[in-house]
Amino acid sequence: MPELSGSAGFRGSEAAEAVEPSSPAPLPTGTVPLTDLSPVRGSGSFDLRSVTMGAKSYEQAMTLVYPCSTTGGIEYSINERYRSLTPTIGLDDNSTAELIKVTIAGDGRALKTVGAEINRPQNVTVDMTGVVELVITSTSECDDSDGIVLALADATLHS
């Protein structure tokens, strides 16, 4: 029985598909909660939980619980897709009262540093124009206090 010429072409297209690399899923656009993106590094740093800051409840806030020797950080690849980031930053009202510094950086340079305090959440807007790598870090100079809950609530990227 003669070989079908179409079968050779089929094998060739299979080989072409195997060689082509798959593209990562495109980043969402519009108004995107930061919690909808997968971090590149530091995914174990922050947990999602409900918090209360300044007597206002926030669902699914990005939180970091401190023993004071901890420094936390998380990194996202945002590939110049967003104009701004708008989180509310503070300490949970049930935390120990200390000052935690939160730095939001883009491509290795600090864009904004905010002091997170108890009962004083801050609505922050950070320009993300042209930023490829977004990094959020926190540091403290507190004593031996435990039970400090840093929160970034309603952290949203805007394109």
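We count residues from 1, following the sequence as given. No hydrogens, no waters, no symmetry mates; every other heavy atom, side chains included, goes into these values.
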What's the separation between atom CG in Asn79 and atom CG in Leu134, rounded to the nearest 0.5 Å? 11.5 Å

Within the 4.5 Å heavy-atom criterion, are Val65 and Arg49 side-chain neighbours or not? yes

Before you tell me yes or no, could you show the steps for Val102 and Ile136 under side chain to side chain contact (heavy atoms under 4.5 Å, CB included), namely the whole-Å CA-CA distance, both residues' side-chain angles and the distance that decides it to 0.1 Å? CA-CA 7 Å; Val102 177; Ile136 302 170; 4.0 Å; yes

How far does CG of Leu48 sit from CD of Glu59, to the nearest 0.5 angstrom? 11.0 Å

Side chain to side chain contact (heavy atoms under 4.5 Å, CB included) between Ile74 and Leu64, worked out: CA-CA 11 Å; Ile74 193 164; Leu64 183 63; over 6 Å; no

Shortest non-hydrogen contact from Val51 to Ala151? CG2-CB, 3.9 Å

What I'd like to find out is whether the side chain of Asp127 reaches to under 4.5 Å of the side chain of Ser84, using heavy atoms alone. no

Is there a side-chain contact between Asp154 and Asn123 (heavy atoms, below 4.5 Å)? no

Just verifying a value: how many Å separate Thr63 OG1 and Asp47 CG, rounded to the nearest 0.5 Å? 5.0 Å

Reported CG-to-CG distance for the pair Leu34 and Leu157, which is rounded to 0.5 angstrom: 5.5 Å

Working to the nearest 0.5 angstrom, can you tell me the gap between Leu99 CG and Thr139 OG1? 8.5 Å

Test log, rule side chain to side chain contact (heavy atoms under 4.5 Å, CB included), inputs Met53 and Thr88: CA-CA 9 Å; Met53 295 187 293; Thr88 299; 3.9 Å; yes

Donor-acceptor contact present, side-chain Ser159 to main-chain Tyr82, <3.5 Å: no

Check for a donor-acceptor pair, side chain of Asp92 on one end and backbone N or O of Thr52 on the other, with a separation under 3.5 Å. yes

Between Ile104 and Leu85, is any pair of side-chain heavy atoms under 4.5 Å apart? yes

If you group Ile, Leu, Val, Met, Phe, Trp and Tyr by side-chain heavy-atom gaps below 4.5 Å, do Met62 and Val135 land in one group? no

With a 4.5 Å heavy-atom cut-off, do Phe46 and Leu152 have their side chains touching? yes

According to side-chain contact (heavy atoms from CB on, under 4.5 Å), who are the partners of Asp36, at least two apart in sequence or on a separate chain? Val32, Pro33

Who passes side-chain hydrogen bond (donor to acceptor under 3.5 Å, both in side chains) against Thr86, sequence neighbours left out? His158

With a 4.5 Å cut-off on side-chain heavy atoms, are Ile78 and Met128 touching? yes

d(Lys101 NZ, Leu150 CG) to nearest 0.5 Å is 14.0 Å

Let me have the donor-acceptor pairs involving side chains of residues 106-118, under 3.5 Å, with sequence neighbours excluded, atom names and distances please.
| from | atom 1 | to | atom 2 | distance (Å) |
| --- | --- | --- | --- | --- |
| Asp107 | OD1 | Val132 | N | 3.0 |
| Asp107 | OD1 | Glu133 | N | 2.8 |
| Asp107 | OD2 | Val132 | N | 3.1 |
| Lys112 | NZ | Thr125 | O | 3.4 |
| Thr113 | OG1 | Thr103 | OG1 | 3.2 |

So which atom in Ser77 and which in Val40 form the shortest heavy-atom distance, rounded to 0.1 Å? N-CG2, 3.5 Å

